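Keep in mind it's a predicted model, so treat the numbers as computed, not measured. All chains are named by letter (A, B, ...) in the order of the sequence lines, taking the proteins before the strands, and each is independently numbered beginning at 1.
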Number of protein chains: 2
Amino acid sequence: MALGKDYATQQCSIARALEVVGERWTLLVVRDAIYGVRRYNDFLTHLGIPRAVLSARLKTLTEEGILEKRRYQEAPPRDEYVVTDRGIALWPALRALAVWGHEQLMDHRLRHLRHVECGTELAPNGECPSCGTSVPVADVLLMPGTGLDPDPADPVSRALLKPKRLLEPIETGQS
Amino acid sequence: MALGKDYATQQCSIARALEVVGERWTLLVVRDAIYGVRRYNDFLTHLGIPRAVLSARLKTLTEEGILEKRRYQEAPPRDEYVVTDRGIALWPALRALAVWGHEQLMDHRLRHLRHVECGTELAPNGECPSCGTSVPVADVLLMPGTGLDPDPADPVSRALLKPKRLLEPIETGQS
DNA sequence: ACGCGTTGGTTCATTCACTGAACTCTCAGT
DNA sequence: ACTGAGAGTTCAGTGAATGAACCAACGCGT
């Protein structure tokens, strides 16, 4: 969003947050990172984002401490982008947006979130109704719902057709 | 944000939500509407947003059913924009963003949220710790915190220096 | 040794959205 | 008739997003 000079005027933590994650595509990159996407090409094909924009977003998200660029092999040099605690802390905001988008704008549940310990579906506030506790992001199981394309083109969407834990790296299995 | 054609590709309620409220300024307009701002000039001066952009945002938010345009006097014709239930439903997402912005990016609390019934400060998840229930938006008391400019230029910021309930219309007292 | 494929980028022309300033319109009050 | 407030619209200039093309480092098969 880059409210730029307006940030000083705004005196508001929402404006401050949007200053960092409010630009086009940014929250979707963070969502993917929490889903377990780590590699440039996976972000690229899953989001359908222009390369130049993806590079810019990964750069600012890394600079803001929301992602961490990490070398995962030396020859040839390959980096991956791993979501940090600061990025994981965005999960409640993303979940709230998903709840709103689903309730207000859509007709079926595309994905379900379950507590990996007990299998219970999470309440809208992110807590586990049967355990009565808030569930850490790493203990959330992401399940496919109805209305998903059964045969998507990109490998990330294909991987997400199976239940998986959040944060767990996605196996695109194409190399 | 207007992800445009990408919405069909995305199959995600977060993307769908950002399609509607992800554009620059949009969430700040909704925030102001929940704070009780209703009039064009108040949005304008409080946000420091260009007039053309404000007009565009009010138009799409009205079309999406997040704000409702309402005639409040006939001569001269004057309209105000009142947040609807669909807009109020964005409150958890806005609160989550505010929590993140405050925790990760700022040093002091600019505003506090209290339960109007009992005066208790709300937990990060939006519930009242002493009542143990989730607090309806209309029962949230917005309190000024430390680090706020004590003598802001615009009338909305001045009105927000006093505690007030969310949704309650802001009295700018300038007419 | 040569070309091919993969990954992770950069560059660039075009299009699109945002910005700020100026202008418009309607009406009230004096 | 003049002034002023509220709620916009119009428009030229700027900056960001887009999509396609290009680049580079390396691994591998032959």
A.B. asks: Is it true that A:Arg109 and A:Glu121 have a side-chain N and a carboxylate O under 4.0 angstrom from each other?
C.D. replies: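 So A:Arg109 pairs with A:Glu121 through a salt bridge.
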
A.B. asks: Rounding to a whole Å, what distance do you find between A:Leu54:CG and D:dA16:P?
C.D. replies: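 My rounded result for the distance is 18 Å.
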
A.B. asks: Under 4.0 Å, counting only non-hydrogen atoms across every strand here, what does B:Tyr72 touch: a base, just sugar-phosphate, or nothing?
C.D. replies: sugar-phosphate

A.B. asks: Does the side chain of A:Arg39 get closer than 4.0 angstrom to OP1 or OP2 of C:dT6 through an N or O atom?
C.D. replies: no

A.B. asks: Under 4.0 Å from OP1 or OP2 of D:dG6: is there any side-chain N or O of B:Tyr81 that close?
C.D. replies: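 For D:dG6, neither OP1 nor OP2 has a side-chain N or O of B:Tyr81 closer than 4.0 Å.
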
A.B. asks: Using a 4.0 Å heavy-atom cut-off, does B:Ala52 contact any base of the nucleic acid, only the sugar-phosphate backbone, or nothing at all?
C.D. replies: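 It contacts base atoms.
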
A.B. asks: Any side-chain N or O of B:Arg78 under 4.0 Å from OP1/OP2 of D:dA5?
C.D. replies: no

A.B. asks: Same cluster for A:Leu44 and A:Leu67 if Ile/Leu/Val/Met/Phe/Trp/Tyr side chains link at under 4.5 Å?
C.D. replies: yes

A.B. asks: May I ask you to verify if any side-chain N or O of A:Ser55 is less than 4.0 angstrom from the OP1 or OP2 atom of C:dT10?
C.D. replies: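 Result: yes.
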
A.B. asks: Please give, in whole Å, the distance from C:dG8 P to A:Leu58 CG?
C.D. replies: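 Checked: the CG to P distance equals 10 Å.
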
A.B. asks: Over how many whole Å does the gap from B:Leu47 atom CG to D:dA7 atom P extend?
C.D. replies: 14 Å

A.B. asks: Please check if the side chain of B:Thr84 supplies one atom and the backbone of B:Gly65 the other of a donor-acceptor pair under 3.5 Å.
C.D. replies: yes

A.B. asks: Do any side-chain nitrogens or oxygens of B:Trp25 fall under 4.0 Å of OP1 or OP2 in C:dT19?
C.D. replies: yes

A.B. asks: Could you tell me how far apart B:Gln73 (CD) and C:dT26 (C1') are, to the nearest whole angstrom?
C.D. replies: 11 Å

A.B. asks: Please confirm whether the shortest side-chain N or O distance from B:Lys59 to OP1 or OP2 of D:dA7 is below 4.0 Å.
C.D. replies: no

A.B. asks: Atom CZ of A:Arg38 and atom C1' of C:dT7: how far apart are they, to the nearest Å?
C.D. replies: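 From A:Arg38 CZ to C:dT7 C1': 17 Å.
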
A.B. asks: Starting the side chain at C-beta, find the nucleotide from C:dC27, C:dG9, D:dA17 nearest to B:Pro77.
C.D. replies: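 So the side chain of B:Pro77 is nearest to C:dC27.
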
A.B. asks: Can you check the B:Tyr40 OH to C:dT24 C1' distance for me, whole Å?
C.D. replies: 12 Å

A.B. asks: Could you state the CG-P distance from A:Leu28 to D:dA17, rounded to the nearest angstrom?
C.D. replies: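 My rounded result for the distance is 13 Å.
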
A.B. asks: Side chain to side chain contact (heavy atoms under 4.5 Å, CB included) between A:Asp79 and A:Tyr72: does it pass, once the steps are laid out?
C.D. replies: CA-CA 6 Å; A:Asp79 296 321; A:Tyr72 70 91; 5.5 Å; no

A.B. asks: Going by the side chain to side chain contact (heavy atoms under 4.5 Å, CB included) test, name the single residue among A:Val29, A:Thr172, A:Asp154 that passes it with A:His46.
C.D. replies: A:Asp154

A.B. asks: What is the separation between atom CG on A:Asp79 and atom P on C:dG9, rounded to the nearest whole Å?
C.D. replies: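 Rounding to the nearest Å, CG of A:Asp79 and P of C:dG9 are 6 Å apart.
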
A.B. asks: What about A:Arg51, does its side chain sit under 3.5 Å from the base of C:dG8 through a donor-acceptor pair?
C.D. replies: yes

A.B. asks: Which of the following nucleotides, D:dA17, D:dA7, C:dG8, is nearest to the side chain of A:Val53?
C.D. replies: D:dA17

